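All values reported here derive from a predicted model rather than from experimental measurement. Because only heavy atoms are used, hydrogens play no part in the values below, and waters and symmetry mates are left out as well, while side chains stay in. In what follows, chains carry the letters A, B, and so on, assigned in the order in which the sequence lines appear, proteins first and then strands, with residues in each chain numbered from 1.
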Amino acid sequence: MNKYLKIAAAAVACATVLGVGGLMADPINETLTIDGQEMVSRTKAPEGHPFDEVYSGWLFRTEETRALQTDTFNNPAMLGVEVGEAIWNTVDGKEGKSCASCHGDAAESMKGIGASYPKWDKDANRPINIELQINKCRENNMGAEPYPFDKGGQKELTAYIKHQSLGTPVKIDLSQGELQSWWDKGKELYYTRNGQLNLACSNCHEDLMGKMIRADHLSQGQINGFPTYRLKSGGLVSVHNRFRGCIRDVRASFPKAFSDELMALEVYVTWRGTGLSVETPGVRQ
Amino acid sequence: MADSKPRVKVPKSAKAGEVITIKTLISHTMESGQRKDKDGKIIPRKIINKFTCEFNGKKVFECDVDPAISANPFFEFTAKVNESGTFKFSWVDDDGTIYTDEKKIEVN
Amino acid sequence: MQLTRRQTLGLAGGAAAVVVTGFQVTTAFASAEDATKLIMEFTGGKEPASGKITLTAPEIAENGNTVPISVSVESAMSGDDLVDSVMLVADGNPNPAVATFHFTEMSGTAAATTRMRLAKTQNVIAVAKMKDGSVFSDTKLVKVTIGGCGG
């Protein structure tokens, strides 16, 4: 798309939000089950949350998109999870170790783990997410190169690890280290207007949640299904890629993956989904 | 992308004469030949162009595939099974590679 | 407030205009005539009748890259009452051909599901060819939407 078309598209997007501002398209009242296992896809929000209830993004998608996630065979992202499983069992680096060498069967050792990240990393004195934890392990224990952002199997291995927590409600412990101050910083970023379109995360995902932005049904912007499959790209998309995409879409310059800004945002946005089941890998439009 | 890897779902057992549902998926980008790269050159077409399912050597279902089929092609179809045996699945790539998978079923 | 049909159409029209402008630069779409020609080649020039075949497709596809499509044809799938094949055609893609399913008695039923690409809002047509040479078709209009600010 050239520059003028982009501007035209943005104008349409704005006109849609402003012009039919009263348009409601509520999340559907259905329970997500995956291979018969019931997920928590709407639940009471934690104390201090702007919403009464938190909703999984699954509730905002069309029937056909929702159906892709209810059966792990039909879910195309499971191909990526299988690649992740192979990586888990593959030796890499100077130490001659795989993930499995230390952690054994991921179904046991990684069960529930994905629901409790980001955590506080004492060594780095900042929050750590699954992607960075993998890289820390690779460098410190495997003698392997850290994965560059979104490359080398990072998305697939992250999806495989988080998939072991399928169904577990998201709960992060903000009392760890200085995690609370990163939450504060993330909250500030979430409510700060940004870019040429002058939009904060909250404008779309809080103020206009449930309404249409052009043809898109605005969700609460929850990240409990990440890495998620996007029909648009036909592959797995990481949380930081999606953050950067959103920031780019409001025509702002976007921070680097795993930067302080995006780590703070991940801490805060993860908290906003407290109580929702880990759905990794989700399927979205 | 890693090598294409098929996934197949077939029930482990069935009654004689039962019509069962089979699902198949293979990881493949299905490059349509319509897209251009950064330099404006057409990215050559590379798709799975044929999918076949046989049971005990006899054809059950076949599909001629065009570039309009989505990445990671998915096919769901049925088969009537009268005896125990083996399903053989094959996917033919434009580059000549044939990916295969097999699944046994117990019929009683 | 509910969105009226007129408002919906207006929105869809605005969105479609942007998409079409974007595509005209690089891609020529197949026309309905190309689709008809392909169908006629498949049927041997015979005009398909309605009935017998059901095409299931979403009314609105959230993204044109992965649109689930199912077909099923009424048939005993034995003896002379057999479906030979079903062709799927899209009349607004760069190339109208989508896929052709071939069935046998061992298929049990003439039903199949796949996922397809739709470059824009268009008709999807399924044509069934029976063993006795008769042909049937079903058509569904699938609206393809484009997303929010980023598309």
Side-chain angles (χ1 to χ4, degrees), chain B residues 9 14-26 28-37 40-43 45 47-83 85 87-88 105, chain C residues 23 25-30 35 38 42 56 61 63-73 75-78 82-120 122 124-125 142:
Chain B
K9 193 175 182 180
K15 292 194 179 77
E18 196 179 330
V19 175
I20 59 162
T21 298
I22 295 174
K23 294 180 184 184
T24 70
L25 192 64
I26 186 166
H28 199 284
T29 50
M30 296 291 283
E31 191 58 60
S32 67
Q34 298 283 344
R35 298 199 311 159
K36 288 178 179 175
D37 65 14
K41 286 195 202 116
I42 297 272
I43 305 170
R45 176 185 131 150
I47 67 166
I48 296 288
N49 59 51
K50 197 175 197 64
F51 166 75
T52 312
C53 168
E54 287 181 356
F55 183 65
N56 291 346
K58 280 177 268 178
K59 193 170 91 176
V60 173
F61 175 82
E62 195 172 87
C63 183
D64 305 322
V65 185
D66 289 286
I69 293 295
S70 304
N72 306 325
F74 172 86
F75 300 108
E76 182 178 326
F77 52 93
T78 61
K80 190 176 182 180
V81 284
N82 295 316
E83 62 199 348
F87 283 100
K88 280 190 180 165
I105 187 166
Chain C
F23 268 114
V25 185
T26 52
T27 313
F29 286 112
L38 192 69
F42 176 68
T56 309
N63 188 290
N65 274 343
T66 314
V67 183
I69 298 281
S70 297
V71 288
S72 74
V73 190
S75 163
M77 288 311 277
S78 66
L82 201 69
V83 180
D84 176 76
S85 48
V86 171
M87 181 185 240
L88 282 176
V89 175
D91 74 358
N93 270 355
N95 183 335
V98 176
T100 305
F101 303 130
H102 301 274
F103 299 98
T104 68
E105 280 197 24
M106 290 182 64
S107 307
T109 67
T113 298
T114 187
R115 296 169 186 162
M116 65 174 293
R117 293 166 168 155
L118 290 171
K120 59 173 182 175
Q122 59 187 287
V124 179
I125 307 146
V142 182

Return the minimal non-hydrogen interatomic distance between [X] and [Y], and the atom names on each side.
X	Y	answer
V60(B)	T104(C)	O-OG1, 3.2 Å
S70(B)	N65(C)	OG-O, 2.8 Å
A97(C)	A68(B)	O-CB, 3.7 Å

What do you reckon, is CZ of R45(B) surrounded by more than 12 foreign heavy atoms closer than 6.0 Å?
-> yes

Crowded around K88(B) NZ? As in, over 12 foreign heavy atoms under 6.0 Å?
-> no

N/O donor-acceptor pair under 3.5 Å between T78(B) side chain and S107(C) backbone | yes

Passing option when T113(C) is tested against F77(B), F74(B), F75(B) for side chain to side chain contact (heavy atoms under 4.5 Å, CB included) | F74(B)

Given side-chain contact (heavy atoms from CB on, under 4.5 Å), test M30(B) with R117(C) step by step and report yes or no.
-> CA-CA 11 Å; M30(B) 296 291 283; R117(C) 293 166 168 155; 3.6 Å; yes

Going through the checks in order, is the side-chain contact (heavy atoms from CB on, under 4.5 Å) test met by L25(B) and R115(C)?
-> CA-CA 11 Å; L25(B) 192 64; R115(C) 296 169 186 162; 4.0 Å; yes

Distance (rounded to the nearest 0.5 Å) between [X] [atom1] and [Y] [atom2]:
X	Y	atom1	atom2	answer
D66(B)	N93(C)	CG	CG	10.5 Å
D64(B)	H102(C)	CG	NE2	3.5 Å
I69(B)	T114(C)	CD1	OG1	3.5 Å
K58(B)	E105(C)	NZ	CD	10.0 Å

At a heavy-atom separation under 4.5 Å, does V67(C) approach chain B through its side chain, its backbone, both, or neither?
-> backbone

So which part of I42(B) gets closer than 4.5 Å to some heavy atom of chain C, the side chain, the backbone, both or neither?
-> neither

